[in-house]
Amino acid sequence: MNLNKPFSDIASLISSGNNIVYSIIFTTCLYVTLLACQDVKENSAATVRIVKSDSGYVVLRNGKAFGIKGASGASNFQTLHEAGGNCVRIWDTTHLQQILDSAHANNIAVIAGLPMQNSDQIDLYNDPVKVLQQLSQFQSLIDRHKNHPALLMWCLGNELDFPYNPSYNNFYDAFNAITKMIRHLDPNHPVTTTVLNFNQKYIANIQLRCDLDLISFNIFNNISLLKEDLKSFSWFWNGPYMLLEWGTDGPWTGTQRTAWGAFIENPSKKKADVILNRYRQEMPLKDPRLVGNFIFYWGSKQETTHTWFSIFDESGRKSEPVAIMESIWTGKLPQEHYPQIRYMLLNNKGAADNILLNPGEMMRPELVMHEKDSIMSVQWEIFTEDWYKENGQNSTRKLLPLDRKIEPAGKLTTEFTSPMEEGPYRIFAKIYDYNGNFATCNTPFYVVSDR
């Protein structure tokens, strides 16, 4: 029996009644073909447009308004969907296919980052071969992923500088060549870029020298200035925008430090409060130009500490900011309980007291809680302070604790011996409740040796 016969031949055999097996084969082949066609339809690329309506700018996805409820991160997509979120922003193309597939499986759209080198890389942009190589790499990525149904937009670069000086002309030429290539290969997905905070000079240069569908901002404590900044510059630029990163204050200018320069991190409860208040009071929600905002960071990452921006732990367990975002996205009060740490004391001193210890000195950390119920365990860890920066950026390398203890429910204190080597350190506490949710707090200290 020849199974390679064309459908017309098989149909002929069926009509003549020669073989009932051919009838089964034909029906099966036809069914598989119809399924394949249906699958192609379901998995075809989404057509995305940003249009201006009477009520303001709106993102249209396959002709329907798509109200972005976003998070910056590349994991915990199922939890994002369950919390009411519908979009993620990622920074580069590492594991892009896997991320797009996982997002699609959880009804999440993706703004994919293209990691373009910054304008200060003069040697690169003055070298036509390197510029062409960067363009070619992005062209291959666009062509490979442009038809994925989870793709929403492309973001060219992250926190790029857009200076005016003519010496940067080659950078603008390279930038525009990439956007032109994207529009040619993939006219179905808008293109944006991100600017750190609201920088009028950069926005002006983008408007005058670049071709983008919208501008995006990464903005944290400066979000308090955003409404006024947008209003005062609307005479020149009045287009659509997104906030691709916003959230709690980070380890940078404006955040309190110790005498030796270690940034003081808020407990997770305080971060949750900052996020909620920032959204309610400072987010330009009534601005018809705002088409989406993305909480930072939907996952777990090392940046000065492993807890500073991490809304989840490394196992995917949740902290209180997840509940805050769920209430924002769904309009419902969160039902789950989260541990709430007020602050930590180390030998009866707080983080702002510039805690100095001798080598081998007894350490007695203690947690003060808002509520003490539902605590399953407390994990204590001591780390060296992370000063390492690569290319001016905070390190993302994972550090290993120097010492660790786990205390049972109800015990909010423990004992350590301070490290023998002089230098800056932090002691961390992570509380887990019986729901598997957690809260964090840490305190910097310095070991001083007279040797």
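Only a predicted model underlies this, so the values are computations on that prediction, with no experimental measurement involved. Numbers for residues simply follow the sequence, beginning at 1.
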Are the side chain of [X] and the backbone N or O of [Y] linked by a donor-acceptor pair below 3.5 Å?
X	Y	value
Glu265	Trp308	yes
Thr255	Phe263	no
Asn277	Val274	no
Asn147	Ala45	no
Asp213	Val191	yes
Asn354	Tyr446	no
Ser418	Val447	no
Asn199	Tyr202	yes
Glu282	Arg280	no
Asn86	His81	no

By the definition salt bridge (charged side-chain N to carboxylate O under 4.0 Å, His left out), identify the one residue from Lys271, Lys270, Lys269 that meets it with Glu320.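 Option passing the salt bridge (charged side-chain N to carboxylate O under 4.0 Å, His left out) with Glu320: Lys269.
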Quick one: do the [X] and [Y] side chains pair a donor with an acceptor below 3.5 Å?
X	Y	value
Asn435	Glu336	no
Glu407	Thr414	yes
Ser216	Thr194	no
Asp92	Asn158	no

Nearest heavy atoms of [X] and [Y], plus distance in Å:
X	Y	result
Thr258	Pro444	CG2-CG, 3.7 Å
Thr304	Pro251	OG1-CG, 3.2 Å
Thr443	Ala351	CG2-CA, 3.9 Å
Met242	Met153	CE-SD, 3.8 Å
Pro339	Asp433	CD-OD2, 3.5 Å
Lys430	Phe438	CG-CD1, 3.9 Å

Under-4.0 Å salt bridge between [X] and [Y]:
X	Y	answer
Lys332	Glu326	no
Asp273	Arg278	no
Glu314	Lys398	yes
Arg89	Glu245	yes
Glu385	Arg426	yes
Arg183	Asp186	no

Check: [Y] and [X] side chains under 4.5 Å, non-hydrogen atoms:
X	Y	result
Leu243	Ile223	yes
Lys201	Pro163	no
Val88	Phe294	no
Phe175	Asp173	no
Leu100	Leu96	yes
Pro321	Phe309	no
Asp313	Tyr432	yes
Tyr338	Lys318	yes

Return a table of donor-acceptor pairs under 3.5 angstrom between the side chains of residues 108-118 and protein atoms on other chains or two or more places apart.
{"from": "Asn118", "atom 1": "OD1", "to": "Asp161", "atom 2": "N", "distance (Å)": "2.8"}
{"from": "Asn118", "atom 1": "ND2", "to": "Asp161", "atom 2": "OD2", "distance (Å)": "3.2"}

May I ask you to check whether over 12 heavy atoms, not counting those of [X], lie within 6.0 Å of atom [atom1]?
X	atom1	answer
Tyr164	OH	no
Lys227	NZ	yes
Asn348	CG	no
Leu333	CG	no
His95	NE2	no

Using 0.5 Å steps for rounding, measure from the [atom1] atom of [X] to the [atom2] atom of [Y].
X	Y	atom1	atom2	answer
Ile206	Arg209	CD1	CZ	11.5 Å
Leu132	Gln139	CG	CD	9.0 Å
Phe233	Gln207	CZ	CD	8.5 Å
Leu135	Ile182	CG	CD1	9.5 Å
Ile311	Ile275	CD1	CD1	5.5 Å
Lys69	Trp329	NZ	CH2	9.5 Å

Validate the cation-pi geometry between Arg289 and Trp237: distance from NZ or CZ to the six-membered ring centre under 6.0 Å, angle to the ring axis within 45°.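 Pair Arg289/Trp237 counts as cation-pi.
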Do Ile99 and Phe77 pass the side chain to side chain contact (heavy atoms under 4.5 Å, CB included) test, and can you show the C-alpha distance, the side-chain angles, and the key distance before you say yes or no? CA-CA 9 Å; Ile99 290 171; Phe77 293 158; 3.9 Å; yes
Ring-plane angle category for [X] and [Y], please: parallel below 30°, perpendicular beyond 60°, tilted otherwise.
X	Y	result
Trp298	Phe312	perpendicular
Tyr172	Phe162	tilted
Phe296	Phe220	perpendicular

Could you walk me through whether Asn106 and Gln78 pass side-chain hydrogen bond (donor to acceptor under 3.5 Å, both in side chains), step by step? CA-CA 6 Å; Asn106 289 282; Gln78 181 178 345; 5.7 Å; no
CA sep, side-chain torsions, deciding dist, call: Thr307, Ser268, side chain to side chain contact (heavy atoms under 4.5 Å, CB included): CA-CA 9 Å; Thr307 59; Ser268 52; over 6 Å; no
Aromatic ring proximity Phe217/Phe198, centre distance under 6.0 Å: yes
Is the distance between the ring centroids of Phe383 and His306 less than 6.0 Å? yes
